[in-house]
Amino acid sequence: MSSRTVERSRFGIYGGRFVPESLIPACEDVERAFTEAWHDPVFRDRLAEILSVYAGRPTPLTPALRLSAELGVTLLLKREDLAHTGSHKINNVLGQALLAQRMGKARLIAETGAGSHGVATATAGALLGMATTVFMGERDIERQQLNVFRMRTLGAEVIPVSTGSRTLKDACTEALRHWVTAVDDSHYCLGSVMGPHPYPWMVREFQRVIGDEARSQVTAVPDYVVACVGGGSNAAGTFAGFLDTSARLIGVEAEGGAAVTAGSDGILHGFRTRVLQDADGQIAEAHSIAPGLDYPGVGPEHAHFASTGQARYVTVGDTDVVAAVHRLARTEGIICALESAHAVAWLINAAASGEVPAGATVLLTLSGRGDKDMATLMELA
Amino acid sequence: MNVLETHTRRVRDSGRKLLVPYVTGGLAGDWTDYLHAAADAGADVLEVGLPFSDPMLDGPAIQRASDAALARGATIDSILTDVSRLSLPVPVVAMTYANLVFRRGAEWFCAALRDAGFSGLIVPDVPVDEADELLAAATGLDLVLLVSPATTRERRREIAGRSGGYVYAVSLMGTTGARAALPASAGELARSVKAVTDLPVLLGFGVSSPATARAAVVEADGVIVGSTLMQQVLDGSSPGDVGVSLTGMRAALDGLDA
Ligand SMILES: Cc1ncc(COP(=O)(O)O)c(C=O)c1O
């Protein structure tokens, strides 16, 4: 169970722990606690139990029959949209919340873009009786009002962030600033495979349940494994189950937030990675219709995979993404999140161009459901 | 020993408490006038901030100052050029974030600082564990490392051992910003750092008035003052006004205000 738990503070040249001295002991505490917990069968069993009886795991692997026929491929959807709270974010959050409880913390802090991670954290806070504070950019609050109301209904405090681009990047910076003042009683429940060590490694481990399940659900190794990439947690969790196979791993970034594809080496939010930035190193604003992909950096493991060729990173634009939401809805009866639709859109394009050849088997992680995006889609309708 | 540390030790050994004001580079058209005013008011070292878009350790005042400087078009080059034209009576130290340092490479960045006449560098998101590359590149410059109230005893020793110029003692668990009173953690921290090093130990974060400055140097060798000055500049204070506040803090440090 734990034989694969090799600690990773660096992924090639990426990763590390570039945080103020005030946060070093807190990061070390999380690292120590996670390492112990991940080797502790009692912790692993408790997490597995909650993921099963509370969060609805394992999530199904759904053959997308009609879309497959249209595209000429065999498409299998890993249904994270069916996990409790409507996205994969719950896998990581339940892990971190149990860890925080084990560490004696009374409070959870989180950043959120789309609100999926904020809702998941608020949910875990309610489940375990922990106070929850979520930082969210003002711009994201406007476009994800449903999730803001869900968080408040769950009892979380949502703090609007008005600095910078008023999106995920700024929410993350503000959450880190706040954590400095609250390390004694609070755990920073970071929402993706990013941040200072041990977060990229820890969140990947909590998300690998996606890939491990999918691996046991497929009857043969797929030709392609596809997932969208914001910070990169659903992709990292999915890829983790197929790294030792011949499957081609494809991470799909938003055209306006493509840190791997269009960024350069830099340091943001405590780790070295690929970042959208100017010649001086000022961080650029990302722009995507999907708030969860509206981030100028990417998890360090993806920056590393891109440099070694272990995975390939591609982009799609907003128009194709919206079309993909509609196409999947009408062919399969599944309204997916705008984030997840990036993976679908890439496949639609790649099947049409022949890049993904006819007859190929494609495993695609549908990271979340689209309810939160209805207001955005209604404006476009 | 580098220029900065020779200077800070000499001041400390003379019995004078160090006053180190911080000014965000490029904050206003006449921003270097604030450096001259600070030097005239009795500063011993000047810290120049190279603004970063995402300053993780800064509170509202320095965030706003950084945004204002960037909005005015300040760049690393423009700020270094401005500083290189000055002839200041005290050493100048750059304060910035890791991404600006490593963007074009630590070697390039440190050479540019040296060429512009800087003698030290503070990068709060490069903790001692990540500092090897920067320390190697920073020949001729002192890399000032930070300790915080959360730093363990062992780490305090390691940080003080590798820091140059002075040790920057972060007085509280929080971001930069003015506070009404010096936090209780400050004095104890300064004392515990002084116990493991003979480098000057300066307190920063929350030192914002003659009273807080005076309280800080009961234990520390000096103070770093930033947010309160940047707030004044944002509120429209002239270099002369800022000089007057610093003169008040200088008097408090010299024990002349009682
Ligand atoms: C549904 C959904 N998918 C994907 C993401 C992107 O995150 P990650 O790349 O970490 O999976 C988000 C982020 O909010 C999301 O809400």
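Each chain gets a letter, A, B and so on, in the order its sequence line appears, and its residues count up from 1.
Neither the backbone nor the side chain of B:Leu145 comes within contact range of chain A, judged by heavy atoms closer than 4.5 Å. With a threshold of 4.5 angstrom between heavy atoms, B:Pro60 does not approach chain A through any atom at all. No part of B:Val123 comes within reach of chain A, as not one of its non-hydrogen atoms sits under 4.5 angstrom from that chain. If you measure heavy-atom distances from B:Ile159 to chain A, the contacts under 4.5 Å come from the side chain alone. Contacts of A:Pro25 with chain B are made by side-chain atoms alone, with heavy-atom separations under 4.5 Å and no backbone atom involved. Interface residue B:Phe102: only side-chain heavy atoms are found under 4.5 Å from chain A.
Between A:Ile141 and the options A:Val148, A:Val161, A:Ile159, a side chain to side chain contact (heavy atoms under 4.5 Å, CB included) holds for only A:Val148.
Ranked by heavy-atom pairs shorter than 4.5 Å toward chain B, the options A:Leu23, A:Ile24, A:Leu176, A:Val275 are led by A:Ile24. Of all the listed residues (B:Leu70, B:Val128, B:Leu172), the one sharing the greatest number of non-hydrogen pairs under 4.5 Å with chain A is B:Leu70. For the options A:Pro196, A:Ala279, A:Ala284, heavy-atom pairs under 4.5 Å to chain B are most numerous at A:Ala279.
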Please lay out, stage by stage, how A:Ser288 and A:Glu339 fare under the test side chain to side chain contact (heavy atoms under 4.5 Å, CB included).
-> CA-CA 9 Å; A:Ser288 169; A:Glu339 289 79 11; over 6 Å; no
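B:Leu4 has its side chain within reach of B:Val144: a pair of non-hydrogen atoms, C-beta onward, lies under 4.5 Å apart. No side-chain heavy atom of A:Pro200 sits less than 4.5 Å from a side-chain heavy atom of A:Glu301.
Remark: A:Met202 CE to A:Leu190 CG distance equals 8.0 Å, nearest 0.5 Å. Note that the CD atom of A:Gln144 and the OG1 atom of A:Thr112 stand 8.5 Å from one another [nearest 0.5 Å]. Distance CE/B:Met173 to CZ/B:Phe205: 10.5 Å, rounded to 0.5 Å. The distance from the CG atom of B:Leu143 to the CG atom of B:Leu134 is 5.0 Å, given to the nearest 0.5 Å.
When all heavy atoms are compared, the tightest approach of A:Leu108 to A:Ala100 is CD2-CB, 3.8 Å.
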Can you pull out the donor-acceptor contacts between chain A and chain B, under 3.5 Å, including backbone atoms?
unit_1   : atom_1 : unit_2   : atom_2 : d
A:Arg10  : NH2    : B:Glu130 : OE1    : 2.3
A:Arg10  : NH2    : B:Glu130 : OE2    : 2.9
A:Arg17  : N      : B:Glu130 : OE2    : 2.7
A:Glu21  : OE1    : B:Arg155 : NH2    : 2.8
A:Glu21  : OE2    : B:Thr151 : OG1    : 2.9
A:Glu21  : OE2    : B:Arg155 : NE     : 3.0
A:Ser22  : OG     : B:Ser148 : OG     : 3.4
A:Lys169 : NZ     : B:Asp54  : OD1    : 3.2
A:Lys169 : NZ     : B:Asp54  : OD2    : 2.7
A:Arg177 : NE     : B:Pro55  : O      : 3.2
A:Arg177 : NE     : B:Asp58  : O      : 3.0
A:Arg177 : NH2    : B:Pro55  : O      : 2.7
A:Ser264 : OG     : B:Arg103 : NH1    : 3.3
A:Ile267 : N      : B:Asn99  : OD1    : 2.7
A:Gln277 : OE1    : B:Asn99  : ND2    : 2.8
A:Asp278 : O      : B:Arg103 : NE     : 2.8
A:Asp278 : O      : B:Arg103 : NH2    : 3.2
A:Asp280 : OD1    : B:Arg104 : NH2    : 2.5
A:Asp280 : OD2    : B:Ile76  : N      : 2.8
A:Gly281 : O      : B:Asn99  : ND2    : 2.7
A:Gln282 : OE1    : B:Ser53  : N      : 2.8
A:Gln282 : NE2    : B:Pro51  : O      : 2.9
A:Ile283 : N      : B:Ser53  : OG     : 2.8

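Side-chain atoms of A:Glu255 do not come within 3.5 Å of backbone N or O of A:Asp318 as any donor-acceptor pair.
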